[in-house]
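Note that the structure is a prediction, hence the values are computed from the model and not measured. The basis for the numbers below is simple: all heavy atoms, side chains too, and nothing from hydrogens, waters or symmetry mates.
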Amino acid sequence: MSPHTSKKALDGGWGWVIIVACFMAQFLAYGSPQSVGVLYPEWLHAFQEGKGMTAWVGSLVSGVGLIASPVCSACVDNFGARPVTIFSGVMVAGGLMLSAFAPNVQFLIFSYGIVVGLGCGLVYAATLTITCQYFDKRRGLALGIVTTGTSVGGFLYATAQNELIVLFGLEGCLLIIGALALNLMACAGFMRPLNMPGYYLKQKAAMERTKEQLFKKPPADDLKTTPGTGEKNLAVKDHLITIDAKDITTPDNKGEFMAGLAIVKIIKKKRQAYSKYMHSTADFLHDRNFMALCIAIFLFSLGAFPPVLFMEDVAQSEGLIDEVRIIPLVSIVAITTGVGKLTLGMLADMRWINSVFLYAFTLLGTGTALLLIPISKSYVGLQVLSAVVGFFSGNWSLTSYITTKIVGLDKLTQAHGILMFFGGFGIMLGPPVVGWFFDWTQSYDLAFYFSGGSVLLGGVTLFLCALPCWDKKKSDIDRPDIQYASNCDKVASVA
């Protein structure tokens with residue numbers, strides 16, 4: 001959220017239209033990336049590359065958008081959700097259509113992994129930001145419904161892409177999916193801004209200031225500066241949109257020296273703004289709960305995303321199936337993820353449930369299911385474990401909710417961008433690491449033990465850091481006259 005927020009969240013009305021538009025936007029953008037596991041065997045067969053190299057395509061398409069979340073969030077904050085969604089529609093559709101003509105995996109990494117990934121990142125930032133603007137009391141439910149669009153898209157697109165490949169081939173499938181993605185621009189039309197984006201506010205102020213200068217010539221005395229009024233009389237800043245237009249006026253004929261001073265002052269203000277931004281980022285990272293959440297999301301993304309990409313290949317490598325079924329394992333993961341997002345989103349709205357502990361519980365459940373995948377030697381077992389992993393992976397609907405609880409609504413955009421950077425970095429590394437494990441051992445067992453262990457470690461770390469006894473210990477340090485014995489050290493040592 002930007003500092004320009006002035007209107008109160010509606011918690012209904014046009015907000016429900018926003019939910020539908022954001023749901024469809026995530027459905028269209030993330031449908032193919034969420035079901036990339038169906039395309040993965042086709043790319044292996046078409047390009048004859050190693051599984052580690054080919055896995056970069058699926059990891060980048062989900063990781064790049066999250067890594068670029070700070071930039072995507074800044075775009076939404078300055079330009080608004082509507083123009084960002086329109087631009088992302090062009091990127092997603094163009095990247096998918098361009099991938100249909102990919103001559104090798106390296107080209108596919110750029111077209112599908114980077115271009116489509118950045119487009120998805122812009123959609124994700126735009127939809128979550130405008131949803132949080134329109135909802136306050138029902139924010140958990142609203143975010144749960146919106147983020148379910150990715151799961152429903154993954155479920156339907158997995159089956160649709162499988163059939164389209166049979167009917168039209170891999171190239172025809174990507175062209176059709178790319179054409180559908182153009183409907184993102186239609187979804188953007190409904191995203192009416194509740195608050196004026198920062199870019200337009202600054203541009204409007206600059207235009208109004210320019211009109212005043214055109215019709216009113218400043219007195220000669222205004223060109224002189226005094227120690228207390230220099231900031232009010234300088235002038236050049238109005239013509240730079242990136243600086244708030246409010247302080248200075250333009251010199252006319254002999255103001256070159258004053259203009260030079262004004263430019264120096266502008267540069268100094270820009271440097272102070274960037275310095276303030278970096279200091280606020282450092283403050284986030286010094287917060288124990290926020291840093292624990294960043295680590296947990298990184299480890300969760302590192303371990304929990306590979307099953308979405310490799311589950312079909314696991315079943316084929318173990319000889320459990322010969323070809324992709326009508327309802328693939330990827331579809332099971334997608335639909336149960338949607339159920340998980342709705343369920344966890346509603347649970348987060350309940351006052352008696354701690355959302356941080358709820359998120360830690362989902363990580364523990366996901367890690368346990370991942371450790372059981374190498375043990376399962378039947379297709380039914382893989383289906384059940386896929387459903388469990390998918391349900392707990394619905395915790396993505398909790399990230400914005402928990403971030404708001406930790407840092408507040410005004411800092412949501414910046415903090416969420418940092419959080420998604422960690423998540424995107426984990427998603428980008430996870431599938432290639434699992435693919436390299438298979439190329440090295442010719443088995444997925446060690447890879448999934450690594451994935452499950454990483455997710456379990458993230459859940460335990462978040463749970464321990466969120467214990468309230470740490471805050472009591474800190475307050476005790478502030479008051480040395482009272483001695484307090486905390487059990488946090490004992491709990492940490494036992495874990």
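Contacts of Ser393 classified as side chain to side chain donor-acceptor pair (under 3.5 Å), with partners at least two apart in sequence or in another chain: none. The side chain to side chain donor-acceptor pair (under 3.5 Å) test applied to Thr362 returns Asn395, not counting sequence neighbours. Remark: Trp16 pairs with Phe135 by the ring-ring contact (aromatic ring centres under 6.0 Å, His included) rule, at least two apart or across chains. For Tyr359, the ring-ring contact (aromatic ring centres under 6.0 Å, His included) criterion is met by no residue, not counting sequence neighbours. For Gln26, the side chain to side chain donor-acceptor pair (under 3.5 Å) partners two or more places apart in sequence, or in a different chain, are Thr127. The ring-ring contact (aromatic ring centres under 6.0 Å, His included) search around Phe361 returns Phe392, not counting sequence neighbours. Remark: Ser355 pairs with no residue by the side chain to side chain donor-acceptor pair (under 3.5 Å) rule, at least two apart or across chains.
Between Ile19 atom CD1 and Ile130 atom CD1 the span is 11.5 Å, to the nearest 0.5 Å. Annotation: the span from Thr399 atom OG1 to Leu128 atom CG amounts to 6.5 Å, rounded to 0.5 Å. Note that CG of Leu372 is 6.0 Å distant from CG of Leu385, once rounded to the nearest 0.5 Å. Rounding to the nearest 0.5 angstrom, the gap separating the CG atom in Leu28 from the CG atom in Asn183 is 6.0 Å. From Ile335, atom CD1 reaches atom CG of Leu156 across 7.0 Å, with rounding to the nearest 0.5 Å. With values rounded to the nearest 0.5 angstrom, Leu358 atom CG is found 10.5 Å from Leu363 atom CG.
Contact record, Leu174 with Leu96: CB-O, 3.6 Å, taken as the closest heavy-atom pair. The minimum heavy-atom distance between Phe448 and Pro374, with the atom names listed, is CB-CG, 3.7 Å. Taking every heavy atom of both residues into account, Val389 and Ala369 meet most closely at CG2-CB, 3.7 Å. Minimum interatomic distance between Cys173 and Phe168 (heavy atoms only, all atoms of both residues): N-CB, 4.5 Å. The minimum heavy-atom distance linking Ala292 with Cys465 is given by the pair CB-CB, 3.5 Å. Across every non-hydrogen atom of Cys187 and Met24, the tightest pair is SG-CB, 3.7 Å.
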Inset, instruction - Assess whether side chain to side chain contact (heavy atoms under 4.5 Å, CB included) is satisfied between Val115 and Leu98, documenting all intermediate values. - result: CA-CA 10 Å; Val115 177; Leu98 197 61; 5.6 Å; no
Inset, instruction - May I have the step-by-step check of side chain to side chain contact (heavy atoms under 4.5 Å, CB included) for Leu182 and Met97, ending in yes or no? - result: CA-CA 11 Å; Leu182 289 172; Met97 293 180 181; 4.3 Å; yes
Inset, instruction - Could you walk me through whether Ile145 and Val20 pass side chain to side chain contact (heavy atoms under 4.5 Å, CB included), step by step? - result: CA-CA 9 Å; Ile145 296 174; Val20 174; over 6 Å; no
Inset, instruction - Kindly determine whether Ile402 and Leu293 satisfy side chain to side chain contact (heavy atoms under 4.5 Å, CB included), including the steps that lead there. - result: CA-CA 9 Å; Ile402 298 174; Leu293 185 60; 3.7 Å; yes
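Using a 4.5 Å heavy-atom cutoff, the side chains of Ile18 and Phe190 are not in contact. At least one side-chain heavy atom of Val116 sits less than 4.5 Å from a side-chain heavy atom of Pro33. Under the 4.5 Å side-chain criterion, counting only non-hydrogen atoms from C-beta, Met91 is not in contact with Leu184. Side-chain contact check for Leu364 versus Val460: some heavy-atom pair is nearer than 4.5 Å. By the 4.5 Å heavy-atom criterion applied to side chains, Leu108 and Trp56 are not counted as neighbours. Within the 4.5 Å cutoff, side-chain heavy atoms of Ile109 are placed close to those of Met53.
Within the structure, the ring pair (Phe, Tyr, Trp, His ring centres under 6.0 Å) test picks out the following pairs touching residues 141-164 (sequence neighbours left out): Phe27-Tyr157. Identified under the side chain to side chain donor-acceptor pair (under 3.5 Å) test for residues 81-110, with sequence neighbours left out: Ser99-Ser111.
Heavy atoms of other residues, nucleotides or ligands lying less than 6.0 angstrom from CE of Met185 number more than 12. Surrounding CZ of Phe87 are at most 12 heavy atoms belonging to other residues, nucleotides or ligands under 6.0 Å away.
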Without placing hydrogens or testing angles, list every side-chain donor-acceptor pair under 3.5 Å for residues 36-49, not counting sequence neighbours.
unit_1, atom_1, unit_2, atom_2, d
Tyr40, OH, Lys51, O, 3.2
Gln48, NE2, His45, O, 2.7

Donor-acceptor pairs are to be reported for all side-chain atoms of residues 449-456 against protein atoms at under 3.5 Å, with residues two or more places apart or in another chain.
unit_1, atom_1, unit_2, atom_2, d
Ser451, OG, Ala447, O, 3.1
Ser454, OG, Phe450, O, 2.9

Please table the atom pairs, donor to acceptor, closer than 3.5 Å between any side-chain atom in residues 294-308 and protein atoms at least two apart or in another chain.
unit_1, atom_1, unit_2, atom_2, d
Ser301, OG, Ile297, O, 2.8
Ser301, OG, Gly423, O, 3.3

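In terms of modelled atom types and a separation under 3.5 Å, the side chain of Tyr112 and the main chain of Val61 share no donor-acceptor contact.
Side-chain N/O atoms of Thr150 and Tyr124 include no donor and acceptor closer than 3.5 Å.
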